[in-house]
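Step one of this worksheet: look at the structure below.
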Amino acid sequence: MDKKLKRALNHAYRAPDPAGKTAFLKQQRRRELGRWELVAVQAGYVRWWIWAASLALSGLILWAASRADRMGAWYAAAFTPFLALLVVMEHGRSRMHQMEELELACRMAWQSVLLARMVVLGLFHLVLLAGLTPPLAAWGAAGMVRTGVYLLTPYLLTAALGMELTRRVRGRECLAACGGAAALVSAAGMLMVNRRLVMGWPEHFPLWVGVLVLSAAAAGFEIAMNLNGTEELQWN
């Protein structure tokens, strides 16, 4: 197209300068959410049945432990991987349904949203486990500290395995893989109860503490890797 014609068309169809743009923008004061406000908002986006299933599992743990005499803490520990599975399912919901790109288009940084949802459920389950520890310790022979470690170790181990799987597996297969990991950790705990393996002896408690520390470190590493993964998706 001729350059003169281009200039003529640009001049004829040139959009007028916006009137009062600066004054209009000054009126639009966008309220920023604080960290804990974001956590409170995201609590409303967690599916209702996740809360209900968490409470139901806690009741099941108490019921099973009350009928297991002095081995109640071990039976309870075999159920905690399924609590962690609920966190992993909510954490990896967008990846399971292949919706990461759509959610990354939101104004709020997806890393912050993802971390807020994990904090919501993590704190909720921590409160549930803390509430379960005193009665389980009273019914059994492990004591408060050992009971807490027995409950928390399989929970964190399952959470770390599940987050690793959500990074590597997509779609419905991810749900099956995470469920399989939770069942495997639970089965290992039940095997210790039924076979009276030496891992349950009091003198091996320091080994449990070591596994707990490694599981917590692995879970923290997986959280960081998942957050970095969402950042890569955002920039690609």
Side-chain angles (χ1 to χ4, degrees), residues 38-39 42-43 45-51 53-54 57 77-106 108-126 128-129 149-192 199 207-236:
L38 177 61
V39 170
Q42 289 303 314
Y45 288 97
V46 177
R47 290 169 291 184
W48 68 269
W49 65 266
I50 294 289
W51 304 109
S54 299
L57 271 174
F79 285 103
T80 57
F82 297 103
L83 273 178
L85 178 62
L86 295 176
V87 177
V88 172
M89 288 172 59
E90 189 64 24
H91 156 72
R93 177 168 44 159
S94 60
R95 290 189 175 182
M96 290 178 189
H97 297 285
Q98 301 179 358
M99 298 290 289
E100 303 104 312
E101 290 82 0
L102 180 61
E103 291 186 328
L104 285 170
C106 299
M108 185 68 67
W110 178 236
Q111 293 92 334
S112 300
V113 173
L114 181 64
L115 187 59
R117 289 185 185 177
M118 294 171 69
V119 168
V120 166
L121 283 173
L123 288 178
F124 180 61
H125 286 169
L126 186 62
L128 289 179
L129 293 177
V149 171
Y150 292 155
L151 292 177
L152 202 54
T153 299
Y155 179 90
L156 290 176
L157 179 59
T158 305
L161 290 173
M163 285 187 286
E164 170 71 15
L165 290 170
T166 57
R167 288 197 299 114
R168 300 184 180 277
V169 184
R170 291 288 189 272
R172 297 293 180 180
E173 294 80 5
C174 180
L175 180 60
C178 293
L184 183 63
V185 176
S186 177
M190 292 300 295
L191 183 63
M192 287 184 180
M199 279 290 290
L207 183 58
W208 274 93
V209 175
V211 175
L212 174 63
V213 172
L214 290 176
S215 299
F221 174 78
E222 288 299 328
I223 290 173
M225 292 297 292
N226 276 269
L227 294 178
N228 290 336
T230 59
E231 185 175 357
E232 290 175 3
L233 279 172
Q234 193 166 6
W235 284 101
N236 285 339

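Here the side chains of L86 and L121 are not in contact, with every heavy-atom distance at 4.5 Å or above.
In this structure, S186 contributes its side chain and A78 its backbone to a donor-acceptor pair below 3.5 Å.
Residues meeting the ring pair (Phe, Tyr, Trp, His ring centres under 6.0 Å) test with F124, sequence neighbours left out: W51.
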Donor-acceptor pairs are to be reported for all side-chain atoms of residues 151-161 against protein atoms at under 3.5 Å, with residues two or more places apart or in another chain.
unit_1	atom_1	unit_2	atom_2	d
T153	OG1	V149	O	2.8
Y155	OH	H125	ND1	2.9
T158	OG1	P154	O	2.7

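Across all non-hydrogen atoms, the minimal contact from V185 to P81 is CG1-CG, 3.7 Å. Taking both residues in full, the closest heavy atoms of L85 and G179 are given as CD1-N, 3.8 Å, listed atom of the first, atom of the second, then distance.
Applying the salt bridge (charged side-chain N to carboxylate O under 4.0 Å, His left out) definition to pairs two or more places apart or across chains, those involving residues 216-227 are R167-E222.
Taken to the nearest 0.5 Å, the SG atom of C178 stands 10.0 Å off from the CE atom of M163. We find the CG-CG distance between L83 and L129 to be 6.0 Å, quoted to the nearest 0.5 Å.
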